[in-house]
A.B. asks: 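One structure, as structure tokens, below. Some questions next.
Note on naming: letters A, B, ... go to the chains in the order of the sequence lines (proteins, then strands), and numbering restarts at 1 for each one.
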Protein chains: 2
Amino acid sequence: MSTFVRGNKDLIRAINRNLILNTVRRHGALSRTQITEISRLSVGAVSQITNELLTDQWLLQSGEGDYTGGRRQTLLRLNPAAGCAVGVKLMERRIVCALTDLESRVLRYFDTPMPPEQDPSLIAAALADAVETTVASSGVERGKLLGIGIGLAGVSSPQTGVVHYSPFFGWRDVPLADLVRVRLHLPVYMENDVNTLTLSEMLFGAGRHIDNFAVVTIGRGIGMGLVVNQQLYQGATGGMGELGHITFDPAGPLCTCGKRGCLEAFAADPAVIAYVRHSRSALDAPRTLDDVIALANGGDALARAALARSGEILGIGLATVVNLLCPSLLIVSGEGVTAGDYRIAPMLEALRTHTFNGLLDDVQVIVEPTDDQAWARGAASIVISKVFESPLIEAGATA
Amino acid sequence: MSTFVRGNKDLIRAINRNLILNTVRRHGALSRTQITEISRLSVGAVSQITNELLTDQWLLQSGEGDYTGGRRQTLLRLNPAAGCAVGVKLMERRIVCALTDLESRVLRYFDTPMPPEQDPSLIAAALADAVETTVASSGVERGKLLGIGIGLAGVSSPQTGVVHYSPFFGWRDVPLADLVRVRLHLPVYMENDVNTLTLSEMLFGAGRHIDNFAVVTIGRGIGMGLVVNQQLYQGATGGMGELGHITFDPAGPLCTCGKRGCLEAFAADPAVIAYVRHSRSALDAPRTLDDVIALANGGDALARAALARSGEILGIGLATVVNLLCPSLLIVSGEGVTAGDYRIAPMLEALRTHTFNGLLDDVQVIVEPTDDQAWARGAASIVISKVFESPLIEAGATA
DNA sequence: AACTAACTTCTTTCACTGAATGAAATAAGT
DNA sequence: ACTTATTTCATTCAGTGAAAGAAGTTAGTT
């Protein structure tokens, strides 16, 4: 139930401050005159607000413009150091933190193991410690920290900050955001891990300035993130994007989730590895996807077939996404896309074959691998995105 | 590329006018004091704006409130006759028009056949004529007409008003909205037909006040409409919701779209009918879905099996929607849901079976049939929704 | 029964605030 | 002298909230 916004002077100011901030963020260094033209605000308003933003250190002077016949323009740009955020990727046995500035540049990266622990408050404490260590060792003022973003696998609600289900820790309805917040006294945002990556693409990656796009991750599982009207789609309760668990064949093998014939059970990395292992002696059986790729590169027909079949089925899954949602951009990412042409070429081929009637013509497809740092950076960008979010959108933080 | 909004006094006024209008629309008859409480606006602002809306005839006085110890409240309510809209469902051989008031009540319904014509400008002319006839015969002032909404099958772009592909007329990139607009001199909005129904559900049906939901229509084809954050999702180019053309079995039969194994080729009404016809003499072979249902009711095992199989596959399609998008509500509609328990029960069963891990717990499922009037009413509600839309959202009309 | 005073609540009025606006003034260069 | 960038400033107007005004009921009095 979205609440309506009430209009008053404060709102106007907030809108225009935000407008100028975003204008500068988008276009880089701009003069006040250029801001006036782009934002369509009056010169007076731009003058007053930019000077306010300069005193608040949100903007910086950055040299002068070219000579165009009169007084030179004073160029203004965003101060990336005006604030920072820590993004956390929480995994089964590791906590990965990334401290970024406003432009999402990683200033400090911190990767620490975690004891095999399941108790929510102990994990929250470990997480808060990792964040404090990251900040302390970075040299950045603690006061500049705008908030924390946490990304973790499973189903969680960003609105309430509750983890409804975590496959790693076996949690049910754990208020993780609250547990961390009371330790750090900062706004804490939480997201599905795929969504953090999606946000990162939306803000700083290929999805910049694109209204509607989808991110599909391939690895141990298959996930999906969705951007709709420049906003991250979060489903009703945060549970969404279970692309890996759509039914591919109702008569197929049992999946880890208990259902039969999930896409994941056919086409995710473990399925590919298992497929090759079955017909091999225990000695030279592949243990990781990289092993399979090595075999395929070495000419192994079975490994090539396994990768090709996985690719084809993934392509059908991607086609389902395109048919249902028709995004302008489809980003395929995750550890699994390193598998090279043996997997990716059949995937793109199947995507084309199974997409409805010319729908793909307007869809750009990008394949790119990721690493842990990208995920953590994405988690940090949740916080950054809130900072630049229009005041018209209700803030959904646990602040 | 969404443009940012600039804040000024006009915007404030527009926001608050809209806020009050929507407050009254939601809550029914309200006094100024009550509006003040709900909208959190100051008494002064409410007084001024409501009086402005009264002079503009957008609001009406509607009696007095109960005695609460002092002066009685003057109740205000929305004037449903402040404006009206015509919704058009454009079909292969018929034009169906519905003239509705602001509360989406149908004031006039007009159904007229169309010659087997394909030329865009002739069809646009016929459409404009049908609209004029509808308005003239309704007795409503022409000046009250706020706009036209057109719903038609195929792929069209609401932003530009261009029909990219129409299965009925074989069109490619026809600027239908423009063709109609120059004849009527009114804003013309266009949508996929399923989206018009979705909008109708969002504004006046089961989807009222629900942020995220999906509408799936079953009939000759299988379509889907999506509401995200209280907004209709329109994909990148308007082409979306092709649930009927996701691949169910890559080795399946050829679909009308040219692909193999589409959901539609397995589970839409024509597939059910064909399935039963094959094993019957030409004489008592069913020609419509109703024939099949009659056979099933009469005890025919084959008809029952055909319906059950169709239902099961539909259920898998619905599960795909839930797995990917996790809406709070799923509305199943269209002519095909009249098929009763032989089809619907297996469908719901399959939906449950193929949905990921408790994701369905929070999803409400509603099955309800529709008729042509509902579609046309939905098309009209596009216009109505624009009228009440927040001024913060860029209007995407061909106005 | 008629009238009045007291009281309560709803609605309007009005002085005030502050943000955008745009013209004019000022600054800063060639 | 000229051009362009930026600031200043009087003006406008929407929201704010206190106070005034309007409109009703109740209780007490005549």
A.B. asks: Roughly how many Å is it from CG in A/L75 to P in C/dG29, rounded to a whole number?
C.D. replies: 14 Å

A.B. asks: Looking only at the side chain of A/R71 (C-beta and beyond, no hydrogens), which of the listed nucleotides C/dT21, C/dG29, C/dA28 gets closest?
C.D. replies: C/dA28

A.B. asks: Can you tell which of D/dT16, D/dT7, D/dG15 lies closest to the side chain of A/R32?
C.D. replies: D/dT7

A.B. asks: How would you label the contact of A/G7 with the nucleic acid (heavy atoms, under 4.0 Å): base, sugar-phosphate, or nothing?
C.D. replies: sugar-phosphate

A.B. asks: Which sits closer to the 5' end of DNA chain C, A/Q48 or B/V43, going by the nucleotide each is nearest to?
C.D. replies: B/V43

A.B. asks: From D/dT26, C/dT11, D/dT6, pick the nucleotide closest to the side chain of B/T74?
C.D. replies: C/dT11

A.B. asks: Please state how far atom CD1 in A/I15 lies from atom P in C/dT21, giving the value in whole angstrom units.
C.D. replies: 12 Å

A.B. asks: Side chain of A/K9: nearest nucleotide among C/dA19, D/dA18, D/dT16?
C.D. replies: C/dA19

A.B. asks: Between A/R6 and A/Y67, name the one whose nearest nucleotide on DNA chain D is closer to the 5' end.
C.D. replies: A/Y67

A.B. asks: Can you tell me the distance, in whole Å, between the CG atom of B/L30 and the C1' atom of C/dT11?
C.D. replies: 15 Å

A.B. asks: Keeping B/D56 on the side-chain end and B/W58 on the backbone end, is there a donor-acceptor pair under 3.5 Å?
C.D. replies: no

A.B. asks: 5'-most contact on DNA chain D: B/G70 or A/T50, nearest heavy atom basis?
C.D. replies: A/T50

A.B. asks: Verify the contact: side-chain N or O of A/S47 to OP1 or OP2 of D/dT8, cut-off strictly under 4.0 Å; return yes or no.
C.D. replies: no

A.B. asks: After noting the C-alpha distance and the side-chain angles of A/L76 and A/Q61, does the key distance pass the side-chain contact (heavy atoms from CB on, under 4.5 Å) rule?
C.D. replies: CA-CA 5 Å; A/L76 304 174; A/Q61 298 217 5; 4.3 Å; yes

A.B. asks: From C/dG29, C/dT21, D/dG17, pick the nucleotide closest to the side chain of A/A45?
C.D. replies: C/dT21

A.B. asks: Go through D/dT4, C/dA20, C/dT11 for me and flag the one nearest to the A/T68 side chain.
C.D. replies: D/dT4

A.B. asks: Given atom CZ of B/R72 and atom C1' of C/dT9, what is their separation to the nearest angstrom?
C.D. replies: 12 Å

A.B. asks: Using the side-chain heavy atoms of A/Q73, tell me which of these nucleotides is nearest: C/dA20, C/dT11, D/dT6.
C.D. replies: D/dT6

A.B. asks: Counting just side-chain N and O atoms, does B/R13 come under 4.0 Å of either OP1 or OP2 of D/dC13?
C.D. replies: no

A.B. asks: Once you round it to whole Å, what is the distance between P of C/dT9 and CG of B/D66?
C.D. replies: 14 Å

A.B. asks: Yes or no on side-chain contact (heavy atoms from CB on, under 4.5 Å) for B/D211 and B/Q230, after CA distance, side-chain angles and deciding distance?
C.D. replies: CA-CA 5 Å; B/D211 278 357; B/Q230 293 256 22; 3.1 Å; yes

A.B. asks: Using side-chain contact (heavy atoms from CB on, under 4.5 Å), reason through B/S104 and B/L203 one step at a time and then give a plain yes or no.
C.D. replies: CA-CA 9 Å; B/S104 203; B/L203 293 168; over 6 Å; no

A.B. asks: Measuring to OP1 and OP2 of D/dT6, would you say a side-chain N or O of A/T33 lies under 4.0 angstrom away?
C.D. replies: yes

A.B. asks: What is the distance from CG of A/L59 to P of D/dT6, rounded to the nearest Å?
C.D. replies: 13 Å

A.B. asks: Separation of A/I12 atom CD1 from D/dG15 atom P, in whole Å?
C.D. replies: 9 Å

A.B. asks: Is there a donor-acceptor contact under 3.5 Å from the side chain of A/S47 to the main chain of A/V43?
C.D. replies: no

A.B. asks: Would one find a side-chain N or O of B/N8 under 4.0 angstrom from OP1 or OP2 of C/dT21?
C.D. replies: yes

A.B. asks: Looking across every strand, which nucleic acid part, if any, lies under 4.0 Å from A/N16 by heavy atom: base, sugar-phosphate, or nothing?
C.D. replies: sugar-phosphate

A.B. asks: To the nearest Å, give me how far apart CD1 (A/I20) and C1' (C/dA20) are.
C.D. replies: 11 Å

A.B. asks: Crowded around A/R40 CZ? As in, over 12 foreign heavy atoms under 6.0 Å?
C.D. replies: no

